[in-house]
Participant: 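The structure that follows is given in the form of structure tokens.
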Amino acid sequence: VNLTELDLGGNRLSNLVLADSLTTLHSLRVWSNRLHELTLKGSVATTLQELDVSYNFLKVPPAFVGDRTCCLRELSLACNNLTTLPPALLHLTTLTLLDVRDNSLSTLVCPPSLKRLNAARNRLVAWSE
């Protein structure tokens, strides 16, 4: 499959595993589902540039987020159940947009490449650039 964009938003998915066969995927939108977990296998995690998993039930970001091989430019984790973000997020040197609004984050550290941040309506007591 040669998909470059995949939008599965507004469905009832509770778990999603994307296989290694989606080697050309650059944009994945799975907003407004019932996801508790998102798994990307193989090279999918290294080619993805935009990821929108907003309005789900994630307690932690997808495992590949923060991996040094990850080339995400835009990441939306808004409206989930996040209480923390992985420190490895700082390794995302290509990330320019981060949307983590409407979660339960108490601290937030941002990668230096970030240009746009939405962290509204969290429980932030500390923020570091």
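Just the heavy atoms: all of them, side chains too, but no hydrogens, waters or symmetry mates, feed the values below. The structure presented is a predicted model; accordingly, all values stated were derived computationally and were not measured.
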Participant: Donor-acceptor pair, Asn56 side chain versus Asn33 backbone, under 3.5 Å?
Facilitator: yes
Participant: Is any side-chain heavy atom of Leu40 closer than 4.5 Å to one of Leu28?
Facilitator: yes
Participant: Would you confirm whether Ser113, through its side chain, and Leu95, through its main-chain N or O, come within 3.5 Å as a donor-acceptor pair?
Facilitator: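 Present.
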Participant: If you round to the nearest 0.5 Å, how far is NZ of Lys59 from OG of Ser104?
Facilitator: 11.0 Å
Participant: Do the side chain of Thr96 and the main chain of Arg73 share a donor and acceptor less than 3.5 angstrom apart?
Facilitator: yes
Participant: Hey, which of Val60, Asp52, Asp99, Leu85 is the one that makes side-chain contact (heavy atoms from CB on, under 4.5 Å) with Leu77?
Facilitator: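 Only one option passes, and that is Leu85.
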Participant: I'd like to know if Glu50 and Arg29 make a salt bridge, using a cut-off of under 4.0 Å between side-chain N and carboxylate O.
Facilitator: yes
Participant: Hey, what do you get for CG (Leu48) to CD (Glu74), rounding to the nearest 0.5 Å?
Facilitator: 11.0 Å
Participant: Could you give the distance from CG (Leu6) to CG (Leu18), rounded to the nearest 0.5 Å?
Facilitator: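 The CG atom of Leu6 sits 6.5 Å away from the CG atom of Leu18.
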Participant: Determine whether Thr23 and Val44 make a side-chain contact, defined as any pair of heavy atoms from C-beta on separated by less than 4.5 Å.
Facilitator: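 No; the side chains remain at least 4.5 Å from each other.
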Participant: Using a 4.5 Å cut-off on heavy atoms from C-beta on, say whether the side chain of Leu51 contacts that of Leu72.
Facilitator: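 With C-beta onward as the side chain, the pair touches.
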Participant: Could you tell me whether the side chain of Pro86 reaches within less than 4.5 Å of the side chain of Pro61, counting heavy atoms only?
Facilitator: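 Contact flag for Pro61/Pro86 side chains = yes.
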Participant: Using modelled atom types and a 3.5 Å cut-off, is there a donor and acceptor pairing between side-chain atoms of Thr4 and backbone atoms of His26?
Facilitator: no
Participant: Rounded to the nearest 0.5 Å, how far apart are CG of Leu114 and OG1 of Thr93?
Facilitator: 12.0 Å
Participant: Assess the residue pair Asp7 and Trp31 against the criterion (side-chain hydrogen bond (donor to acceptor under 3.5 Å, both in side chains)); give the C-alpha distance rounded to whole Å, side-chain angles, the decisive distance to 0.1 Å, and a yes or no.
Facilitator: CA-CA 8 Å; Asp7 189 337; Trp31 51 272; 3.3 Å; yes
Participant: I'd like to check Thr39 versus Glu37 (side-chain heavy atoms, cut-off strictly below 4.5 Å). Are they in contact?
Facilitator: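 With C-beta onward as the side chain, the pair touches.
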Participant: Applying the side-chain contact (heavy atoms from CB on, under 4.5 Å) criterion to Val100, which one of Asn80, Asn118, Leu75, Leu105 satisfies it?
Facilitator: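 The single option meeting the side-chain contact (heavy atoms from CB on, under 4.5 Å) with Val100 is Leu105.
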Participant: Do any N or O atoms from the side chain of Thr47 and from the backbone of Leu25 form a donor-acceptor pair under 3.5 angstrom?
Facilitator: yes
Participant: Which distance, rounded to the nearest 0.5 Å, do you find between the CG of Leu82 and the OG of Ser106?
Facilitator: 11.5 Å
